[in-house]
Amino acid sequence: MNDQNILKIENLQVTINSKDKLLKGINLCINKGEVHAIMGKNGSGKSTLAKAIAGHPKYQIIEGRILLDQQDMTHEEASTRSHKGIFLAFQYPVEIPGVNNIDFLRLAYNSNRKANQNTELDPLSFFELVSTKSKSVDIQSNFLTRNVNEGFSGGEKKKNEILQMDLLNSKLAILDEIDSGLDIDALKTIAKQINQFKNNSNAILIITHYQRLLNYIVPDYIHIMDKGNIVYTGNSDIGHKLEEYGYKYIHNVNQL
Ligand code: ADP
Ligand code: MG
């Protein structure tokens, strides 16, 4: 056993209707301190992989295993996985009418603390914590008292996801298209925050379509998905090649 290992996925096969396999045998190993990126055409299975790791109930694992810190998570509920340190930032963050953002964040934060036998923070102490953290993602303070994601711009929703990632201090942060719909300033702010979040005991899995995010967060590995499989793994150079030649580049390399 390698204690540097945060995530180990072995032969992961996933379906949603017991018929079609959306993931067809994914193998992936992520060590502490590493940043991995997943790229691939629309519909190649990137979000399915993210949701299967996070434990989305709709995605049934029919074969294989998911280990977090050497613990088998394959059949754990999403909430348990989250408490154990898996964080998924959604591609499309949901609006929650009637629930204000700071209450929502405190609930998530305290439920995590409680599950890990830590003391919960009272509203005032939490407010202090979240105020400091929200400044670093360049979030206005009124944004904390508004309803979760309601009327937030695309960029604000993404920043809110990054704020949650930071608060929950997750071991493995999975960021699904965190860069989509962001202007260049918001992209840089988010990239800076992700780089600051990164340390020697956590890991980050970034799903993206574009090299531009990877100019700011340089991944150790880039994996390319196609039709439910990882078809290529390389270093950060591959992102530039894809930008230049498109996904046919991978096809050509795999033919060699
Ligand atoms: P990506 O994130 O790479 O664009 P997805 O993982 O979202 O791709 O989708 C992979 C494939 O699985 C697609 O063909 C998609 O239509 C299908 N799929 C994913 N989720 C569902 C779902 N909830 N219901 C039906 N099909 C789904
Ligand atoms: Mg997707």
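Side chains are part of it too, since the values below use all heavy atoms of this structure and drop only hydrogens, waters and symmetry mates. Whatever order the structure lists ligands and atoms in, that order sets their numbers, starting from 1.
Looking at Ser44, its side chain never comes within 3.5 Å of a backbone N or O of Lys227 through a donor-acceptor pair. Not one N or O on the side chain of Lys171 forms a donor-acceptor pair closer than 3.5 Å with the backbone of Leu7. At distances below 3.5 Å, at least one donor-acceptor pair connects side-chain atoms of Asn116 with backbone N or O atoms of His83. Judged by distance alone, with hydrogens and angles left aside, the side-chain atoms of Arg65 form no donor-acceptor pair with the main-chain N or O of Asn11 at under 3.5 Å. Side chain of Lys46 to backbone of Thr208: no donor-acceptor contact under 3.5 angstrom is found.
Counting only heavy atoms from C-beta outward, the side chains of Lys198 and Ile204 approach each other to under 4.5 Å.
At a 4.0 Å cut-off, at least one heavy atom of Ser44 sits close enough to ligand 1 to count as contact. Under the 4.0 angstrom criterion for non-hydrogen atoms, Lys41 is in contact with ligand 1.
Remark: ligand 1 and Ser47 share an N or O pair separated by less than 3.5 Å (distance only, no angle test). For ligand 1, one of its N or O atoms has an N or O atom of Gly43 under 3.5 Å away. Considering backbone and side-chain N/O of Leu22, none are found under 3.5 Å from N/O of ligand 1.
At least one protein heavy atom sits closer than 4.0 Å to atom 20 (N) of ligand 1. Taking a distance limit of 4.0 Å, we find that atom 10 (C) of ligand 1 is approached by some protein heavy atom.
Tyr249 and Lys241 share no side-chain donor-acceptor pair at under 3.5 Å.
With a 4.0 Å heavy-atom cut-off, ligand 1 is reached by the backbone of Thr48 and by its side chain too. With a 4.0 Å heavy-atom cut-off, ligand 1 is reached by the side chain of Ile16 but not by its N, CA, C or O.
The distance from the Mg ion (ligand 2) to the nearest N/O/S atom of Thr48 is not under 2.8 Å.
Of all atoms in ligand 1, numbered sequentially from 1 with element shown, those under 4.0 Å from a heavy atom of Lys58 are 23 (N). Heavy-atom proximity to Asn42, at under 4.0 Å, picks out these atoms of ligand 1: 4 (O).
For the atom pair His75 NE2 and Ile66 CD1, the distance stands at 9.0 Å (nearest 0.5 Å).
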